[in-house]
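These notes concern the structure reproduced below.
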Amino acid sequence: MNVLDFSTPRPELYASVNSNNEGLLSVNVTSDTTNLPIDGAQVQITYNGEPDRILEETTTNSLGQIQPLSLSAPPVEYSMEPGANKPYAEYTISISAPGFEPFRISGAEVFSGETAIQNASLLPISPPISGDTELFVIPDHTLWGDYPPKIAEDEIKPIGEFGEIVLSRVVIPEYIVVHNGPPSDRSAKDYYVPYRDYIKNVASSEIYSTWPEATLEANILAIQSFTLNRVFTEWYRNKGYDFTITSSTAYDHKWIPNRNIFESISNVVDEIFSNYLSRPGVIQPILTQYCDGKNVTCPNWMSQWGSKALGDRGYTAIEILHNYYGSSLFINSTDVISGIPSSYPGYPLEVGSSGDKVRQMQAQLNVISDAYPLIPKLVEDGIFGPATENAVKTFQRIFNLTQDGIVGFRTWYKISEIYVAVSRIAEGVARS
């Protein structure tokens, strides 16, 4: 009997075991300066280690998107238990478009049965032109690679440690400033990252997208609460640094520039991004620390592999969290979201709704339609009729949301996110 080595970088080995061992890869290409989609960008896919063997070659449409590609991946079982076989395939994505610098990323991860999403923001060509392509390399996933364990901290920071800067209430920031290295590395680059994009990146780097939804939710809540504790306490700024958080697993979370994310993780984040974890009588979000539970054990913290086992047994997200952090922990929420024109009204908008919230949503869709002309222009009358429903469905189709024509929590904040992105072209929002 022949035993196949799945660490060997040859995608045909995956397919030879089971023809269903495939995942999808979506690519979204936009301009870094305008946030507008790039039509006609060339996208090439090769397998890591075989740069001259082109597996797929396609172009983006008017939305800056490609038709999702089906790519070989290891059996999904590899991601369900710790083991000796890498559970994901790694691909290199090369993107080029007239007038823009080439973009290339190596190590994009594809899991069997999952949709991987690669967002690429291309820089316009500016002199001097070197002709070189900047290569971004995605390191091993934290559950597969070797990373330093978290240095233990108190989950609640004493008020005296806050220093001069401290928020009066929990706020979802528009941007997280990520220091790409340990705090003491002054040469490490700082990145301005939208909050939700940061959470999606970290979760995609630290948990497997194939895990039960309750497990994903529990881990994402822990990531969000930890991050918002850093924001609320201004932890690093009070120590003299000019960033919010680091990418070092010894201090914070693993964040990777330009890494791909996963649709299942992205969907959960979009539904719960305003939530965090609290203790009775404590204003600050809890610094929810965790470990993988395989290479590192951490009593009184969440074990990632352990949370997966509990999800398999039918535990809900809050039951998983209570198992590790105690029953006094509860899920809290804030509607203070920086950079968003207006918070979710608290109820879905649909045919028959009316008022200022509908009018605002119509106005935002009209601005978005300048960048995405498939979305029809609306009369901003504050009445949610068939025309508004059609525009909402078109928006949902473009941005891979449930096409029900109803503006619930997720659709509301996706409209707000895209509106902010396309309406700030002239404002020069700070970014790296």
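Nothing fancy with the numbering, it's 1 onward along the sequence.
Between K150 and E155 there is no salt bridge, since no side-chain N of the basic residue sits under 4.0 Å from a carboxylate O of the acidic one. Residues K414 and D270 are not paired through a salt bridge, judged by the lack of any N-O separation under 4.0 Å between the basic side chain and the carboxylate. At a threshold of 4.0 Å, the pair K86-D140 counts as salt-bridged, since one of the basic side-chain nitrogens sits closer than that to a carboxylate oxygen. At a threshold of 4.0 Å, the pair E153-K157 counts as salt-bridged, since one of the basic side-chain nitrogens sits closer than that to a carboxylate oxygen.
For Y344 (side chain) and Y347 (main-chain N/O), a donor-acceptor pair under 3.5 Å exists by modelled atom type. Not one N or O on the side chain of E350 forms a donor-acceptor pair closer than 3.5 Å with the backbone of V407. At least one donor-acceptor pair under 3.5 Å links the side chain of T142 to the backbone N or O of S205. Under a 3.5 Å cut-off, the side chain of S225 and the backbone N or O of A222 do not form any donor-acceptor pair. Q284 places no side-chain N or O within donor-acceptor distance of the main-chain N or O of N229, the cut-off being under 3.5 Å.
To the nearest 0.5 angstrom, T249 atom OG1 is 10.5 Å from Y251 atom OH. In this structure, Y208 OH and M80 CE are separated by 11.0 Å, a value rounded to the nearest 0.5 Å. Atom OH of Y419 is separated from atom CD1 of I368 by 9.0 Å, given to the nearest 0.5 angstrom. Rounded to the nearest 0.5 angstrom, Y325 OH and T288 OG1 are separated by 5.0 Å. Separating the CD atom in E109 from the OG atom in S209 is a distance of 9.0 Å, to the nearest 0.5 Å. Between the CD1 atom in I95 and the CD atom in Q118 there is a gap of 6.5 Å [rounded to 0.5 Å].
Across every non-hydrogen atom of L228 and V171, the tightest pair is CD2-O, 3.7 Å. I223 and H253 get closest at one heavy-atom pair: O-CE1, 3.5 Å. Nearest heavy-atom pair across A371 and V422 is CB-CG1, 4.0 Å. C298 and Y290 get closest at one heavy-atom pair: SG-C, 4.1 Å. The two residues M302 and S307 come nearest to each other via the heavy atoms SD-CB, 4.0 Å. Looking at every heavy atom in both residues, S247 comes nearest to N180 through OG-OD1, 2.9 Å.
Open room surrounds CD1 on I283; 12 or fewer heavy atoms of other groups in view lie less than 6.0 Å from it. For E213, the CD atom sits in a loose shell: 12 or fewer heavy atoms of surrounding residues, nucleotides or ligands are nearer than 6.0 Å.
In this structure, F273 has its ring center under 6.0 Å from that of Y413. Two rings, from Y236 and H179, have their centers 6.0 Å or more apart. You'll find the ring centres of F226 and Y276 outside the 6.0 Å limit.
By the 6.0 Å and 45° rule, K239 stacks over the aromatic ring of W235.
Side chain to side chain, S248 and T246 fail the donor-acceptor criterion of an N or O pair below 3.5 Å. Defined by atom type and a distance below 3.5 Å, a donor-acceptor pair is present between the side-chain atoms of D185 and S187.
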_Run the ring pair (Phe, Tyr, Trp, His ring centres under 6.0 Å) test on Y191 and W255 for me, step by step, so that the C-alpha distance in whole Å, both residues' side-chain angles and the decisive distance to 0.1 Å come before the verdict._
CA-CA 10 Å; Y191 290 81; W255 176 87; 5.0 Å; yes
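Under the 4.5 Å side-chain criterion, counting only non-hydrogen atoms from C-beta, R397 is in contact with L374. Counting heavy atoms from C-beta outward, R410 and L401 have side chains that approach closer than 4.5 Å.
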